[in-house]
Amino acid sequence: MDYRYDHILIRYGELSLKGKNRKNFIHRLSDNLKKALKGFPTLEFEAQYDRMYVYLHQEDCDAVCEVIAKVFGISSFSPAMKVEPTMEAVLDSINQAIDLSTPHTFKVKARRHDKSFELNSDAINRAVATQILKNSDWKVNVHHPEVTILIEVRADAIYVMTEKIEGAGGFPVGVGGRAMVLLSGGIDSPVAAYLMMKRGIHLEAIHFAAPPYTSAEARDKVFQLARLIAPYQGDLVVHVVPFTTLQLAIYQHAPESYAITLMRRMMMRIADGLAQKRHCLAIGTGESVGQVASQTLESMNCINAVTNMPMIRPVVCMDKVEIIDIARHIGTYETSILPFEDCCTIFTPKAPVTKPRKEKCEAYEARWDWQEMVDDCINMAEMVRISFKDEVKNEEEDLF
Ligand code: ATP
Ligand code: MG
């Protein structure tokens, strides 16, 4: 079917928002959309209290829709034709823009926001349906139509649409503040990042690499994952932390069974430091209770004890299959399962402690001066911005 659309009508999510919050929401959504659609220079945007309109001008409707589908804060959107607010114009637009040559079942659903319009919704439905029936072999089916023709009557214009595409939901990224997410090459943390962004949190990511024990491929895999989730917020800054020295020190000074717990505590200290440096108010992880030895509540207690920042663990109570479903939905799963070693897998002890004790962690850590190593990790982290056009720019020199 071939329709000629000149607009996209966008419906906001979380409609319960009121007053200043709502203004903030709309403002941010508008900014995020413009940023995400930077590649389409002739687009024009108009934000209203309950809708946003994107004027397509010369841009390709499908390509624009593909981008809009990833922007949080949108409940649904529809390619639309904008016509004069008269019944005559509506009927004209149907004739011109809908290809009636192939038969379909249909229904018409009109909504009057402007109650002063010459016809009420029922009468609009009937007028449009009558015209389609007269000019084609289309048939009405009110329960399961193949095509639903939506007609939205506003005071200044009428919008004619034939589909309603589900939006990404959630809040516009940025209304929820900033956080630092720990991004490994696994399945869980990209999903956690996605879910945080969906609640309107603007993220930066931190990745711990231990070259030469971890390879360039493992590092590329993380960038690839970052590239897949970056479009949800426009772009994404990834901090790559050179973790080797600290990790070797842990193995040198503490028993193998505590290595993972101590490593996680160091990761948290570094994440805390970088988060503060980058004005983030929380730390996010892909931890999920019970999944591995380091994700028992005892373990989480030991790990959490080194930071006062709020920890956000979006997948903490999800089953693995639920997490995998989301990973597939956002397209990260296939990349996550590529078999490259992570800094955690390289040093995985044969029998990690499942119920670590904080006092023991502290006793082992008292054996060497780790603070300086932690500071080095924070200061030597390499910062890479994954931008909306997918290219990776090094903002600082490569420090490895
Ligand atoms: P994931 O699938 O996200 O790797 P996981 O099930 O493998 O998680 P762990 O390896 O125990 O679980 O890691 C728990 C969390 O710690 C991860 O979700 C991630 O947030 C963080 N993390 C682990 N390794 C790294 C790393 N090398 N760099 C950054 N964050 C990491
Ligand atoms: Mg992992």
Side-chain angles (χ1 to χ4, degrees), residues 179-196 203-211 213-215 217-226 228-229 236-244 246-247 250 259-272 274-275 282-300 302-304 306-307 309 311-324 326-328 330 332-349 352-354 356 377-378 381-382 384:
M180 186 67 75
V181 68
L182 275 71
L183 188 65
S184 68
I187 296 168
D188 306 332
S189 45
V191 170
Y194 163 82
L195 292 171
M196 289 171 77
L203 295 180
E204 293 200 359
I206 178 169
H207 176 69
F208 296 89
Y213 301 98
T214 57
S215 62
E217 284 93 338
R219 180 189 151 100
D220 286 347
K221 176 180 168 183
V222 172
F223 285 143
Q224 184 54 35
L225 289 169
L228 291 168
I229 55 174
L236 177 65
V237 168
V238 182
H239 304 271
V240 184
V241 172
F243 202 43
T244 316
L246 192 40
Q247 213 166 3
I250 292 170
I260 292 280
T261 312
L262 296 182
M263 187 182 79
R264 293 260 184 255
R265 281 164 63 91
M266 295 303 172
M267 283 183 173
M268 276 319 143
R269 290 179 173 117
I270 295 162
D272 181 304
L274 262 172
I283 296 172
T285 77
E287 288 162 297
S288 173
V289 170
Q291 218 184 72
V292 291
S294 63
Q295 296 178 10
T296 61
L297 292 185
E298 288 83 358
S299 224
M300 283 186 187
C302 289
I303 295 163
N304 222 153
V306 302
T307 174
M309 282 205 158
M311 296 287 295
I312 303 182
R313 301 180 174 93
V315 303
V316 75
C317 291
M318 285 189 191
D319 291 349
K320 195 74 187 183
V321 285
E322 295 174 291
I323 301 173
I324 289 175
I326 301 176
R328 286 190 196 281
I330 62 174
T332 53
Y333 182 73
E334 297 302 326
T335 305
S336 288
I337 58 173
L338 293 174
F340 298 119
E341 70 298 328
D342 188 47
C343 67
C344 311
T345 46
I346 291 259
F347 295 96
T348 302
V353 57
T354 54
C377 283
I378 295 168
E382 176 196 2
V384 179

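Just follow the structure's listing: the first ligand is 1, and inside any ligand the first atom is 1. This is a predicted model, so every value here is computed, not measured.
Annotation for Ile206 and Met180: closest pair CG2-CG, 4.0 Å, computed over non-hydrogen atoms. Closest approach of Val306 to Ile303, counting heavy atoms only: CG2-O, 3.4 Å.
The closest non-hydrogen atom to atom 17 (C) of ligand 1, taken over Gly286, Pro190, Ala218, comes from Gly286. Across the listed options Ile283, Asp188, Leu182, Asp188 owns the non-hydrogen atom lying nearest to atom 2 (O) of ligand 1. With atom 16 (O) of ligand 1 as the reference point, the heavy atom nearest to it among Arg264, Gln295, His239 is part of Arg264.
Remark: side-chain polar atoms of Thr285 are not paired, donor with acceptor, to backbone N or O of Arg313 under 3.5 angstrom.
Residues passing the side-chain hydrogen bond (donor to acceptor under 3.5 Å, both in side chains) test with His239 are Glu204, sequence neighbours excluded. Shown here are the ring pair (Phe, Tyr, Trp, His ring centres under 6.0 Å) partners of Phe208, two or more places apart in sequence or in another chain: Phe243.
Taking the side chain as every heavy atom from C-beta outward, Arg264 and Met268 never approach each other to under 4.5 Å.
Every atom of ligand 1 with a heavy atom of Ile187 under 4.0 Å away is listed here by number and element: 2 (O). Near Thr285, with a cut-off below 4.0 Å to any heavy atom, the atoms of ligand 1 are 20 (O). Near Gly186, with a cut-off below 4.0 Å to any heavy atom, the atoms of ligand 1 are 1 (P), 2 (O), 4 (O).
Heavy atoms of Ile206 found under 4.0 angstrom from ligand 1 belong exclusively to the backbone.
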